[in-house]
Amino acid sequence: MKQIRIASTREIAQNDQGQRFVCEWMEGSLMNRWLLKNRLAEALEVHGTGSHWVEVRDAHPVRHTAPA
């Protein structure tokens, strides 16, 4: 399984307006990819080419679970 997120340059990420497009790692499901594709398009429209991008990594399996 893969994980995805939107990242940006440090200067953009420190800006409140730029921070709203940056997100944490999430499951790379079809729905999440669709969501990030739309969010990335909006970020690039607002901040310009190269300001934000999608990063992909292999998901790290959970080794231990806590009892509920």
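Hydrogens, waters and symmetry mates are skipped; everything else that's a heavy atom, side chains included, is used. Quick note: residue numbers are just sequence positions, from 1.
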Closest contact, heavy atoms only, Arg5 versus Cys23: CB-O, 3.5 Å
Roughly how far, to the nearest 0.5 Å, is the CG atom of Leu40 from the CG atom of Leu35? 11.0 Å
CG of Asn32 to CH2 of Trp25: how many Å apart, nearest 0.5 Å? 13.0 Å
Tell me the closest heavy-atom pair linking Leu44 and Ser51, and the distance in Å. CD2-OG, 3.8 Å
Joint hydrophobic cluster, Leu36 plus Val56, side-chain heavy atoms closer than 4.5 Å: yes
Using 0.5 Å steps for rounding, measure from the CD atom of Gln3 to the CG atom of Asp58. 9.0 Å
Hey, can you tell me if His52 and His47 have their rings parallel, tilted or perpendicular (30° and 60° cut-offs)? tilted
Which of Arg33, Lys37, Glu55, Glu27 passes side chain to side chain contact (heavy atoms under 4.5 Å, CB included) with Ile4? Answer is Arg33
Considering non-hydrogen atoms only, spot the tightest contact between Ser8 and Trp53 and give its length. C-CH2, 3.3 Å
